[in-house]
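Below you'll find the structure, written out as C-alpha cells, and then a few comments.
For clarity, every value in this text was computed on a predicted model and none was experimentally measured. These values consider heavy atoms only, across backbone and side chains, with no hydrogens, waters or symmetry-generated copies. All chains are named by letter (A, B, ...) in the order of the sequence lines, taking the proteins before the strands, and each is independently numbered beginning at 1.
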There are 2 protein chains.
Amino acid sequence: MQDKEITIYDLAERLNVSATTVSRGLQDHPAINKKTKKRIFDLAAELGYRSNKFASNLRKQKTNTIGVIVPRLNSLFMSSVLSGIEKIVNNAGYNLIISQSFEHESKEKTNTTTMFNSRVDGLIVSLASDTEDLSHFDTFIRKNIPIIFFDRVAESIQSTKVLIDNFKAGYKATEHLIQQGCKKILHITGNPSRNVYKDRFEGYKKALNDHHIEFDPALYISNDLTEQAIQDALVNDVLKRDTLPDGLFVTNDSSAAFALTIFKEAGLRIPEDIAIVGFNNDLISKVTEPAITTINYPGNEMGESIARILINHLDGEGDLSFTSTVLLNTELIVRGSSQRKK
Amino acid sequence: MQDKEITIYDLAERLNVSATTVSRGLQDHPAINKKTKKRIFDLAAELGYRSNKFASNLRKQKTNTIGVIVPRLNSLFMSSVLSGIEKIVNNAGYNLIISQSFEHESKEKTNTTTMFNSRVDGLIVSLASDTEDLSHFDTFIRKNIPIIFFDRVAESIQSTKVLIDNFKAGYKATEHLIQQGCKKILHITGNPSRNVYKDRFEGYKKALNDHHIEFDPALYISNDLTEQAIQDALVNDVLKRDTLPDGLFVTNDSSAAFALTIFKEAGLRIPEDIAIVGFNNDLISKVTEPAITTINYPGNEMGESIARILINHLDGEGDLSFTSTVLLNTELIVRGSSQRKK
DNA sequence: TTGTAGGCGTTATCAT
DNA sequence: ATGATAACGCCTACAA
C-alpha cells in the first residue's frame with residue numbers, strides 16, 4: 001500500500017517542463033532560471049519527492065559512500081574517531097557505512113566484500129587483532145579504490161596510514177614507570193603482528209635498555225586483552241610467581257582496570273607495590289581507585305585527518321601525498337595508579 | 001585507471017548465452033541448467049564480476065538494507081544490541097547502515113532523512129535524549145516503511161517497541177536501597193520525556209511509597225548524565241546541603257562511577273555513608289572500588305528480538321503483531337557499592 | 001535557458 | 001531451459 005514514488009518525470013509533467021530541467025533544478029544547476037528552480041523545489045517538497053540514489057549512482061558510477069571497518073565500536077577512542085570522520089565526510093557530501101570485525105579476520109573479510117559490492121568510493125580500516133592475510137584488500141587495490149588504514153595499519157600495503165607514534169608512546173609509558181622506581185615492569189599487550197602492539201613493545205624495550213634494565217622475557221605477555229585473558233595471565237601465572245613485578249604497562253585501559261582490580265583483590269597496593277600505566281585515556285581509566293595513568297590518544301583529531309585526506313584524494317586534490325604516513329601526537333597523563341613521588 | 005566493470009552482458013557474450021540466463025544463473029534460479037550455472041559462476045569469478053547493487057535495487061525497488069539510528073555507540077549495551085541485530089539481519093541477507101544522533105534531535109533528523117533517501121526497507125531507532133518533535137518519522141509512516149523503536153521509544157507512534165520494564169527495574173533498584181537501610185535516596189536521571197527515565201522514576205517513586213517513604217523533590221535531579229553534569233549536580237549542589245542523601249540511584253553506570261569517585265573524594269564511604277545503584281551493567285561498573293550494583297540489561301537478546309521482528313515483518317510473516325510491545329527481563333546485580341548487610 | 005535522446009546494469013514478463 | 005524486450009529513475013552530451 002505504499003504511495004507511488006514521485007520521480008522527476010512526475011514533477012516535470014506537472015510543471016510543464018522537461019525532466020532534464022527538473023533534474024538540473026534540483027541540483028541547483030546555474031543555467032536554470034531562479035523562478036523555475038523555486039517552482040521545482042516547492043512542488044518536490046509538496047509531493048514528497050526524494051531523489052533515487054540507485055538511479056543516480058547507477059548513472060554516475062559513483063556512490064558518494066565511504067566504508068569504515070573497525071574492530072569494535074565500544075571504546076571512547078573508536079567513537080571519537082568515528083565522530084571525527086563522520087563530521088568531515090558529511091560536510092563533504094559523503095555517506096558512511098560502518099561495520100565491525102569484532103576482532104576477527106573472517107568477519108573483516110566478509111565486511112570488506114560487502115563494502116566492495118556496495119561500491120564504496122573509499123575504505124577506512126583499522127585491522128582486526130588476528131588478521132594475518134591481507135588479500136581481501138586486493139580487490140580494492142586492483143580497482144584503485146583508495147584505502148586508508150588507521151591505528152592498526154597494514155604495513156605491507158601501500159596507502160595512507162594515520163596513526164600515533166606507538167614506539168614513542170610505549171617508550172614514554174615505560175620510562176615513566178622507571179622514573180617512579182620500577183625495575184621489574186610487566187608488559188601485557190596484544191597480538192605482536194599488529195603494528196600498534198609491536199611498536200609499543202619496541203618502545204618498552206628501548207626504554208628499559210636506555211635505563212640499563214635488562215629485558216626479561218618472562219615479563220612480556222601477549223594475549224587478546226579480554227577480561228578473561230587478563231584474569232588468566234595474572235591469577236594463574238603472574239601472581240603465582242616468586243618475585244612479583246613492581247610495575248605494569250598494559251596496552252589498553254580496560255585491561256589496566258581489570259588488572260588493577262585483580263591486584264587489589266590479591267592484597268597488593270597500587271601504586272606502592274605495583275605501579276600501573278594503561279593506554280587510550282578511556283573513560284574507565286578515570287574512575288578506578290586509584291585512577292589509571294594512561295596515554296591520551298587523539299581520536300577526534302585522528303578521525304578528522306583521515307577523512308580529510310581521503311576526501312581530498314577522492315575529489316582529485318592532494319593526490320601526491322596519498323601514500324604517506326601521518327603521525328599524531330600523544331601525551332602521558334599521570335594519575336594515581338603510577339605516581340609514587342610528588 | 002580503473003578496470004572496466006564486468007557486467008552480465010560481458011559474461012553473456014563470452015558464454016554465448018543471453019544476459020537473462022546469466023542473471024538467472026547467478027541467482028541460482030531453478031530453471032537453469034546446472035552446467036550452465038557452473039560455467040557462469042566460473043567465468044564470473046575469473047573475471048572478477050560483481051553484481052551492481054544499484055541497478056538491482058533500482059529494478060527491484062527494494063534495497064535489502066536496514067537503517068539503525070542510536071544515540072551513541074560507546075556503551076557495552078549499545079554494542080551488544082548492534083551485534084545482536086547484525087547477526088540476525090546478516091543471516092537474513094540484509095545489510096545494515098548505522099548512524100549516531102549523538103543525543104541531538106537535529107542530528108537524528110538529518111540521519112533519518114539520509115536513511116529515508118537511502119531507501120532503507122526498515123528502520124530501527126533509539127531516540128536521542130532531547131528529541132521532542134517526532135515529525136521526521138512521518139515520511140516513513142506515510143510510506144509504510146516499518147520502524148521499530150527500542151529502549152528509548154516514541155510512545156505516540158504506532159509501531160513495535162522492544163524494551164525492558166523500566167518501571168520494574170527502577171522499582172527493584174530503589175527497593176534494594178531501601179532494604180539496605182537507605183531513607184534519603186537521591187535519584188539522578190536523564191530527560192524525563194524519554195520513557196526510560198520517566199518509567200524508572202515512576203518505579204522509584206512507587207517503591208518509596210510502598211515503603212512509606214515520602215518522595216522529596218529535592219532528591220530528584222534530571223540532567224544529561226554527562227560527566228560534567230554529574231559533577232555540577234553533586235559538587236555545586238548535593239554536597240553543599242545540610243543533610244546528605246544516604247543512597248543514590250542513577251540511571252547509567254558511567255554516571256554512577258563518576259558519582260562514586262566524587263563522593264569518595266569528598267570523604268564519604270561507599271556504601272556505608274551512601275549506597276549506590278547504577279544501570280546497564282556496563283564494563284565500568286565492575287572496576288570501580290567498590291564495584292557498582294547495577295541493573296543488567298540484555299543487549300544482545302534485545303538486538304536479536306528487534307531484528308527478528310523486523311525481518312519477519314519485511315518477509316511478510318508475523319504481520320499481525322507488528323505494533324506490539326516486547327518487554328525483556330532485567331535483573332539486579334548486587335555488588336559492593338550498595339551491600340551493607342550480608 | 002530549456003529540451004531530446006540514450007544509456008547506466010539489472011530483472012520481470014512474456015515468449016519460445 | 002533459454003531469450004528478447006522493456007522498464008526501473010537519473011544524468012549528460014548534444015541540440016535548439
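Rounded to an integer number of Å, the gap from B:K37 NZ to D:dT2 P is 10 Å. Rounded to a whole Å, the CG atom of B:L11 is 12 Å from the P atom of C:dT11. Rounding to whole angstrom units, CD1 of residue B:I40 and P of C:dT11 are separated by 12 Å. Rounded to an integer number of Å, the gap from CG of A:L58 to P of C:dG6 is 18 Å. Here C:dT13 presents its C1' atom at 12 Å from NE2 of B:H29, a figure rounded to the nearest Å. A straight line from CD of A:Q61 to P of D:dA13 spans 13 Å, rounded to a whole angstrom. Between the C1' atom of C:dT11 and the NZ atom of B:K53 lies a distance of 17 Å, rounded to the nearest Å. One can place CG of B:L26 at 8 Å from P of C:dT11, the figure rounded to the nearest angstrom.
One N or O donor and one acceptor, one from the side chain of B:T20 and one from the base of D:dA4, sit under 3.5 Å apart. For B:R39 and D:dT2, a side-chain-to-base donor-acceptor distance below 3.5 Å is absent, hydrogens and geometry of angles not being considered. Judged by distance alone with a 3.5 Å cut-off, a donor-acceptor contact links the side chain of A:R24 to the base of C:dG3.
Within the nucleic acid shown, B:F54 has no heavy atom closer than 4.0 Å to any nucleic acid atom. Residue contacts shown for A:D10 are absent, as no nucleic acid heavy atom lies under 4.0 Å away. Nucleic acid contact class of B:T7 (heavy atoms, under 4.0 Å, all strands): sugar-phosphate only. Within 4.0 Å (heavy atoms only), A:S56 reaches sugar-phosphate atoms of the nucleic acid but no base atom.
Cation-pi geometry between B:R50 and A:F116 is satisfied (NZ or CZ under 6.0 Å from the ring centre, within 45° of the ring normal).
Each of C:dT11, D:dC11, C:dT13 was ranked by its minimum atom distance to the side chain of B:I8; first place goes to C:dT11. If you check C:dT10, C:dT2, D:dT2 against the side chain of A:T36, the one that comes closest is C:dT2. When distances are taken from the side chain of B:A55 to each of D:dC10, D:dG9, C:dT10, the shortest belongs to C:dT10. The listed nucleotides are C:dA12, C:dT2, D:dA13; the one nearest the side chain of A:I32 is C:dT2. Candidate nucleotides D:dC11, D:dT2, C:dG9 were compared by shortest atom distance to the side chain of A:S23, and D:dC11 ranks first.
For D:dT2, neither phosphate oxygen OP1 nor OP2 lies less than 4.0 angstrom from any side-chain nitrogen or oxygen of B:T21.
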Criterion side-chain hydrogen bond (donor to acceptor under 3.5 Å, both in side chains) on B:K53 and B:N95, from CA distance to verdict: CA-CA 12 Å; B:K53 276 198 184 166; B:N95 284 118; 3.1 Å; yes

A:N64 and A:K62: CA distance, side-chain angles, deciding distance, side-chain hydrogen bond (donor to acceptor under 3.5 Å, both in side chains) verdict: CA-CA 6 Å; A:N64 263 50; A:K62 193 182 185 237; 3.3 Å; yes

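Side-chain contact between A:I124 and A:I66 is present, with heavy atoms from C-beta onward closer than 4.5 Å.
Enclosure of atom NZ in A:K87 is not indicated, since only 12 or fewer non-hydrogen atoms of other residues, nucleotides or ligands lie within 6.0 angstrom.
A salt bridge is absent between A:E103 and A:R194; no separation between the charged side-chain nitrogens and carboxylate oxygens falls under 4.0 Å.
Ranked by how close their nearest DNA chain C nucleotide is to the 5' end, A:R59 and B:N52 are led by A:R59. Toward the 5′ end of DNA chain D lies the nearest nucleotide of B:N33, the other residue of the pair B:K60 and B:N33 mapping further downstream. Each of B:N16 and A:Y9 was matched to the nucleotide of DNA chain D holding its nearest heavy atom; the match closer to the 5' end belongs to B:N16.
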